[in-house]
Enquirer: 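Quick one: the structure is below, questions incoming.
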Amino acid sequence: MASQRTLRTGRAALLLAGLLVVPLLPPCAASCPEKDLEDREEEANVVLTGTVDEIFNVDPVHNTYYCKVRVWRYLKGKSSINREILLDGGNKVTIGGFGNPRICDNQVATGDTRIFFLNLDPEAVRPEHKNELMLNSSLMRITLRNLEEVEHCVEGKKP
């Protein structure tokens with residue numbers, strides 16, 4: 001009998017603690033504000049669609065990692081991609097910045113196909129990664145609507 005009373009008291013205390021803590025947490029949307037699609041596209045030098053082939057260089061401290069991505073289509077910036085960036089016969093690139101806390105949707109798994117907004121990794125910051133691309137903003141899922149919206153932004157048209 002006493003153990004059931006202790007169990008009920010413990011549950012009540014957990015519920016009360018949850019009710020007190022939840023209002024202190026920021027809402028999900030406010031914790032990671034996303035820029036407008038037009039701004040994201042304009043800030044990115046390269047926009048492409050691709051599938052994650054491999055995840056590597058996982059940093060367990062910062063929870064960041066790199067991916068080898070098979071490119072399906074360049075929506076913007078193909079001319080800025082030189083041969084040194086291309087891998088495996090020219091249809092794959094290395095992309096870093098996954099796990100970056102300043103980018104809202106930045107997590108992928110092997111086999112995921114997404115729209116990537118990218119910039120060349122600045123040589124001044126890390127010369128050893130000068131031929132890599134870095135995430136510039138959140139990933140987008142591949143849908144017909146998303147593809148059309150991104151294409152309209154790249155072309156300078158209103159969606």
Side-chain angles (χ1 to χ4, degrees), residues 18 21-159:
V21 171
V22 169
L24 301 175
L25 298 174
C28 291
S31 66
C32 192
E34 186 64 79
K35 294 180 182 180
D36 290 335
L37 180 59
E38 292 82 7
D39 294 333
R40 294 169 57 200
E41 179 273 326
E42 196 166 308
E43 292 173 3
N45 295 327
V46 177
V47 180
L48 58 84
T49 62
T51 301
V52 177
D53 273 0
E54 181 184 345
I55 296 172
F56 60 97
N57 285 355
V58 177
D59 181 340
V61 175
H62 298 103
N63 295 319
T64 58
Y65 54 97
Y66 286 80
C67 292
K68 187 184 287 188
V69 173
R70 177 181 305 277
V71 178
W72 297 115
R73 182 174 169 204
Y74 288 95
L75 300 169
K76 176 183 176 181
K78 183 176 183 179
S79 60
S80 65
I81 304 297
N82 61 39
R83 290 186 183 271
E84 295 171 348
I85 292 175
L86 298 172
L87 306 169
D88 297 345
N91 65 344
K92 293 182 185 176
V93 294
T94 297
I95 300 174
F98 295 94
N100 182 339
R102 290 175 283 172
I103 298 174
C104 295
D105 182 6
N106 64 14
Q107 300 292 329
V108 291
T110 303
D112 287 352
T113 300
R114 299 283 189 268
I115 301 171
F116 297 85
F117 297 85
L118 310 165
N119 281 321
L120 292 170
D121 194 8
E123 281 185 61
V125 178
R126 298 185 311 181
E128 69 274 14
H129 297 291
K130 69 179 180 179
N131 293 324
E132 294 172 354
L133 297 164
M134 296 297 285
L135 284 179
N136 189 53
S137 66
S138 291
L139 303 164
M140 285 183 80
R141 295 194 179 277
I142 299 278
T143 66
L144 183 57
R145 181 178 180 173
N146 285 349
L147 282 170
E148 287 176 345
E149 287 181 4
V150 173
E151 285 176 337
H152 284 293
C153 287
V154 169
E155 295 167 2
K157 299 176 183 175
K158 294 282 183 190

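Side chains are part of it too, since the values below use all heavy atoms of this structure and drop only hydrogens, waters and symmetry mates.
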Enquirer: Report the distance from atom CG of L144 to atom CD of E149, rounding to the nearest 0.5 Å.
Expert: 10.0 Å

Enquirer: Taking all non-hydrogen atoms of both residues, which atom of G50 and which atom of W72 are closest, and how far apart?
Expert: CA-CD1, 3.5 Å

Enquirer: Pick one: which of V150, T113, L147, V71 meets side chain to side chain contact (heavy atoms under 4.5 Å, CB included) with T49?
Expert: L147

Enquirer: Would L120 and L133 count as a side chain to side chain contact (heavy atoms under 4.5 Å, CB included) here? Give the steps.
Expert: CA-CA 5 Å; L120 292 170; L133 297 164; 3.5 Å; yes

Enquirer: Rounded to the nearest 0.5 Å, what's the gap from CD on E41 to CG on D36? Could you check?
Expert: 12.0 Å

Enquirer: When you compare the side chain of F116 with that of L139, does any pair of heavy atoms fall below 4.5 Å?
Expert: yes

Enquirer: Could you tell me the separation between the CZ atom of R141 and the CZ atom of R114, rounded to the nearest 0.5 Å?
Expert: 4.0 Å

Enquirer: Hey, are K35 and E43 close enough for a salt bridge, meaning a charged N less than 4.0 Å from a carboxylate O?
Expert: yes

Enquirer: Taking the side chain from R70 and the backbone from D53, do they hold a donor-acceptor pair closer than 3.5 Å?
Expert: no

Enquirer: Please report the closest heavy-atom contact between A44 and K76, naming both atoms and the distance.
Expert: O-NZ, 2.7 Å

Enquirer: Under the side chain to side chain contact (heavy atoms under 4.5 Å, CB included) test against L118, which residue among N136, L48, I81, N45 passes?
Expert: L48

Enquirer: How far does CZ of F117 sit from CG of L135, to the nearest 0.5 angstrom?
Expert: 10.5 Å

Enquirer: Could you tell me if the side chain of K92 sits less than 4.5 Å from the side chain of E54, heavy atoms only?
Expert: no

Enquirer: What distance do S138 atom OG and Q107 atom CD have between them, rounded to the nearest 0.5 Å?
Expert: 11.0 Å

Enquirer: Do you know the tightest heavy-atom contact between Y65 and N106?
Expert: OH-O, 3.8 Å

Enquirer: Please give me the minimum heavy-atom distance between F56 and K68, naming the atom from each residue.
Expert: CE2-N, 3.6 Å

Enquirer: Provide the closest heavy-atom pair for G97 versus M134 in the form atom of the first, atom of the second, distance.
Expert: N-CE, 3.6 Å

Enquirer: Would you give the length of the straight line joining atom CG of D112 to atom CD1 of I142, rounded to the nearest 0.5 angstrom?
Expert: 11.0 Å

Enquirer: If you take all heavy atoms of S80 and G77, which pair is closest and at what distance?
Expert: OG-O, 2.7 Å

